[in-house]
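What follows is one structure encoded as structure tokens, with my remarks underneath.
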Amino acid sequence: MATAISVKNIGKQYKIGAAESKFRYNMLRDVIVDTVSAPIRLAKAMVGRSDRRQNQNYVWALKDVSFDLEEGKVLGIVGRNGAGKSTLLKILSRVTEPTIGMVSVRGRVGSLLEVGTGFHPELTGRENIYMNGAILGMRRAEIDSKFDEIVDFSEVTQYIDTPVKRYSSGMYLRLAFAVAAHLEPEILVVDEVLAVGDAEFQRKCLGKMGDVAQQGRTVLFVSHNMSAILRLTQEAIVLNKGQLVIRAPTQEAVDFYLSSGQAQAGERAWEADEIPASSAPFRPISLRVKDRSGKVVDTVRSTESVHVEFEYQLDAPITGLRVGFYLSTMRGEYVLTSFDTDEPQMFDQFDSRKTGRYISRCVIPADIFNEGRYGLGVNASSFGVRRYFMDENALAFNVDISGAPGTQWPEPRVGPVRPRLAWKIEKLD
Amino acid sequence: MTEITKHEPTTVYIKPTKGLAALNLRDLWIYRELIFFMVWRDVKVKYKQTLLGMAWAVIQPLMTMLVFTFLFDRVAKLPTEGIPYPVFSFTALLPWGLFVVALNQGSRSLVAHNNMVTKIYFPRLILPMSSVFAGLVDFVIAFVILVILMFYYQVTPAWNLLWTLPLFLLLAIITALGVALWLSAINVQYRDVNQALPFLTQFWLFATPVAYSATVISEKWQVLYFLNPMAGVVNGFRWALLGIGNGPDITLWVSTGISILIFISGLFYFRSMEKTFADTI
């Protein structure tokens, strides 16, 4: 089978602070100063005291990355923020050039990260479909032939001749996605589509991705959602600090990623200025999610128990205090609420807490969560007396469902919980 | 239905460009429809939600012409080589208007579309190009007004010279595009361009024989004066339409030479900066 993408030793160097300061809003003034002082630098360079490179801080966003991808394969790309995933995708889609190395790409590269690029609020849905299609590199004839399909998929048929500025954000997003989804590139690049839209829309995106993969197109899929990566890709690469660490079958790569401590720390610490004065004498310090081995993790496995820790300081004794958390889905539905003194004997024992530092721990047993991202909120209050502190979105973590009940079927399961239930099957006749 | 896309995929090599970047006109050709759509969109959006709509394309040069007529004809009584002043100045306002649109829209085109630049690949040249082409639509509308004005003032066009008008229009486009290429690429890194534009436009207007005749410039300064490429364009328009002036002489060649120089160097500067656009914008 032919090679669709061949990446050879590519690297991308950025100046540090490229996002702000000098490099970005370079004032002509700086250049003039720079130009004036150039002869001095030149002189220094000539006597071998060049300070040019050392003076400026460069950082390799991507370094020495090589891999080949055959046509029709789906490759997952895993890594924490800043690992170089986006840079890699930008190079592959020709938005930016590598500093060194070479990539050869066979075929048109389309990407779902450009959803809605070039949409103009004043133009109608119909006009924007053509405009966006052209931006994504579609021919007019191609857009003509897919127009009805796009409109159907977007579910905005009756508003197609209304300017998109009158659309709801959902309609806007659906239309934008519909255009991108009907582009038929040989290579599709998907960067965290799951970060936008409601759950329904995300399901649609994932479904479309699965279709594309089945049509034999080459797909590169970047996501923080390990379960999506596991479901949609056979193989994955892990990037860490700009370097390719491992390329392996997805399960192995994900295991490696989750166990190597690269996964983003599932910890929330409160700084002094984040704590409202009204919460005194209660002072939150940190909230952590840990895996079975006690490591702070961003992604937990549904098949293992999850440890939640809330650390706090009492600057004065509090009577009747209960400290606990809310668990909610990313759609904002509450899954459960639990307090450390829910058990009567705990409540008796900690009826009054003295001044000092505390930690409230609990274990959420295995086989509770379904896949996806969950939010943890915290609450510290004395029932019927006073609520000291509350933060409903303190922390979020991912749940990876590999090995969970029913995962032999690669389908999403509805509902926020996925318990392992004791089924029995009896034959009655 | 999908046959259209079932072509043999071409292989693209992505690597760092060293030295002078090739112009890559092939890509520009592949994306020609995008130029069309960008122009179409610019024109469509420009007068949306305005009460007067396309009439603005007429009102703007017309009002400028009226102000000029009052100031330079009634008050200052500048010589116009026998042409009624309104026609005299409006003829110059046509290419000037095109140039101003290119200067302002073109120079801001990359920054204005930074979401496109940082997200997808397409030949970046398309952005300044389509800004300039969008200005052509206004040009055509204003041209109709000029024809009406000429009828009204009973000015006979220089029939024998009229065929040269497309050439001067081309020169106007090349000049406008050349400047837009330079400024848009500089603007990506140095937003000083945004600040300098209003001043630059004004200064350039005074340095160009729009409101006055180039004949007021003394003989010995003529060549220097025509280092301003727009001076050649404006004079050429007057010559082709009204039959006044000397026609192609040394001054026109100087202007044309400068135009082409700005255009070619602009193309190469733009192409060499293009690779950093997405990182610096």
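As the structure is a computational prediction, the values presented were derived from the model and not from experiment.
- For the set A/Arg94, A/Met131, A/Glu97, the count of heavy-atom pairs under 4.5 angstrom toward chain B peaks at A/Arg94.
- Aromatic ring orientation, B/Trp96 versus B/Phe99: tilted (interplanar angle from 30° to 60°).
- Checked for salt-bridge contact, A/Glu70 and A/Lys73 meet the test: a charged N lies under 4.0 Å from a carboxylate O.
- A donor and an acceptor atom, one from each side chain of B/Asn187 and B/Arg108, are nowhere located under 3.5 Å apart.
- Note on B/Arg41, B/Lys44, B/Met116, B/Glu274: by heavy-atom pairs under 4.5 Å with chain A, the leading option is B/Arg41.
- Contact tally against chain B (heavy-atom pairs below 4.5 Å) for A/Ile91, A/Ile100, A/Ile135, A/Val103: the top residue is A/Val103.
- Between A/Arg106 and A/Glu71 there is a salt bridge, with a side-chain nitrogen of the basic residue lying less than 4.0 Å from a carboxylate oxygen of the acidic one.
- Residue B/Phe122: no heavy atom, backbone or side chain, is found under 4.5 Å from chain A.
- Looking at B/Phe277, neither its backbone nor its side chain comes within 4.5 Å of chain A, counting heavy atoms on both sides.
- Looking at B/Val117, the atoms closer than 4.5 Å to chain A (heavy atoms on both sides) all sit in the backbone: N, CA, C or O.
- Relative ring orientation between A/Phe153 and A/His182 is described as perpendicular, the plane-to-plane angle rising above 60° on a 0-90° scale split at 30° and 60°.
- Listed for the A/Ser93 side chain is no donor-acceptor partner under 3.5 Å among the backbone atoms of B/Ile120.
- Using a 4.5 Å cut-off between heavy atoms, A/Lys12 touches chain B through its side chain atoms alone.
- With a 4.5 angstrom heavy-atom cutoff, B/Ile30 touches chain A via backbone and side-chain atoms both.
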